[in-house]
Amino acid sequence: MPKNYLLTPGPTPLPPQVCEAMARPIIHHRTPQFQNILKEASDGLRYVFQTKGDVFILASSGTGAMEAAVVNLLSKGDTAVCIEGGKFGERWTELCRGYEINTEVVKVEWGKAVDTSVIKETLKNNPKIKVVFATLCETSTGVTNDIKALGEVVKETKAVLVVDAISGLGAIDLKTDGWSCDVVVSGSQKGLMLPPGLGFISVSAKAWKLIEESKSPRYYFDLKKAKKAADKTDTPFTPAINLIIGLCEALKIIKGVGLENVFARHKKMADATRAAAGALGLELFAPTASSDVVTAIRAPEGIDGEKLVKTMRDTYGVTIAGGQAELKGKVFRIAHMGYIEEFDIILGISCLEKVLHQMGYKFTLGTGIKAAEEVFLK
Ligand SMILES: *Cc1c(COP(=O)(O)O)cnc(C)c1O
């Protein structure tokens, strides 16, 4: 069995301190001991979300937090804008339709970022719009959207801005308060260096007004229940105790390094990956809005992207991600979020070169690694 290396956009590798913390014997959640942990985790999340407002921890994957946003903010028959530039943008539309919310879908060409002026027009033409659903990093295409610009547009209207930051939080900048993001959702298994199982959701004062009005059926994901409990440093249901203990440890690491330095590291990893791709004669899928979270690279002419990913994983133990939906076989994605450092990237590029070479792609061995190393030496 080959040694395993994870370079996927969730789950991401776990720091040993986090593993150790989660392996400690379980404690009870209605205790002062756990309350201290919950408080520390909530404060740490506010630091990472860059907000002074509420951030709730849910026992769900990231999509649970997305669903929480939809059911708490909107009711059947309400109207929302869903920005669709990939598979995860589509999820907002699917969720809204599940609750019979009218959707104004803004389609963005896959691989491009959303044009904020289109959202501005859409909001101007339909004053009934209550929510704009956006994605910070569209993980399926490797695009980062300009959330700051979106925030500037949406804050001038009655609508609230909801951002899926599941893959971007703790990896690239997102100023929840500073950019007027009313609701930000995230998950544990991406930039936050934890296993899957926690969802996070922040709520602004403007968003609370909508929550008060919403009549959607909900129980487990009712944020009013979450708020009532949080005000007493408690949770409405049994929390994912060990994951939250791990979260404290992960947040401690992030705080110790400092958010700005964490973002700078992600940028460097991304720059190195992009440089390697370029040096190998490979094309980025999103050259104009390439994310520092995950790099989507087009499979070159004659190379089956699915087979490339499968060989890297099954033969060499290096797991990267393939393309999703319409991009299946056409792109592969190297994630560089969370607990990923320079030599993880070098290793990933090295394996990529090896398999590309074996598949008959013509290039000089080592050119990708050299380009990445040059970025790291800067
Ligand atoms: C991973 C991801 C999701 C899905 O999160 P789950 O934890 O699998 O529910 C949603 N949106 C984005 C942008 C993601 O990267």
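Whatever order the structure lists ligands and atoms in, that order sets their numbers, starting from 1. Residues take their numbers from the sequence shown, with the count starting at 1.
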Atom pairs and distances, donor-acceptor, side-chain atoms in residues 57-65, under 3.5 Å, two or more places apart:
from, atom 1, to, atom 2, distance (Å)
T63, OG1, R91, NH1, 2.8

In ligand 1, which numbered atoms sit nearer than 4.0 Å to a non-hydrogen atom of C137? 13 (C)

Which residue and heavy atom of the protein sit nearest atom 3 (C) of ligand 1, plus the separation: F88 CE2, 3.4 Å

Would you mind running through ligand 1 and noting each atom that sits below 4.0 Å from a heavy atom of I166? 1 (C), 2 (C), 3 (C), 5 (O), 10 (C), 11 (N), 12 (C), 14 (C)

Indicate whether any N or O donor in one side chain lies under 3.5 Å from an N or O acceptor in the other, for N72 and S214. no

Salt bridge (charged side-chain N to carboxylate O under 4.0 Å, His left out) partners for E326, two or more places apart: none

G89 and E138: which non-hydrogen atoms are nearest, and at how many Å? N-OE1, 2.8 Å

Any side-chain donor paired with an acceptor under 3.5 Å for D234 and Q35? no

Nearest protein heavy atom with distance in Å, relative to atom 15 (O) of ligand 1: T139 OG1, 2.4 Å

R298 and L284 have their tightest heavy-atom pair at NE-O, 4.1 Å

What atoms of ligand 1 come closer than 4.0 angstrom to any heavy atom of Q189? 6 (P), 7 (O), 8 (O)

May I ask you to list the atoms of ligand 1 that are less than 4.0 angstrom from any heavy atom of R91? 4 (C)

Presence of salt bridge, D271 and K268, under 4.0 angstrom: no

Looking at ligand 1, does any of its N/O atoms fall within less than 3.5 Å of an N/O of T135? no

Are H336 and T295 close enough that a side-chain donor and a side-chain acceptor fall under 3.5 Å? yes

Test of proximity, G62 against ligand 1: N or O pairs below 3.5 Å: yes

Among protein heavy atoms, which sits nearest to atom 6 (P) of ligand 1, and what does the distance come to when rounded to 0.1 Å? S61 OG, 3.4 Å

Are any of the side-chain nitrogens in D173 or K175 under 4.0 Å away from the carboxylate oxygens of its partner? yes

Is there a nitrogen or oxygen of T63 sitting under 3.5 Å from a nitrogen or oxygen of ligand 1? yes

E138, portion touching ligand 1 at heavy-atom distance under 4.0 Å: neither

For ligand 1, which atoms have a heavy atom of D164 less than 4.0 angstrom away? 10 (C), 11 (N), 12 (C), 13 (C)

In the protein, which heavy atom is nearest to atom 2 (C) of ligand 1, and how far is it? K190 NZ, 2.6 Å

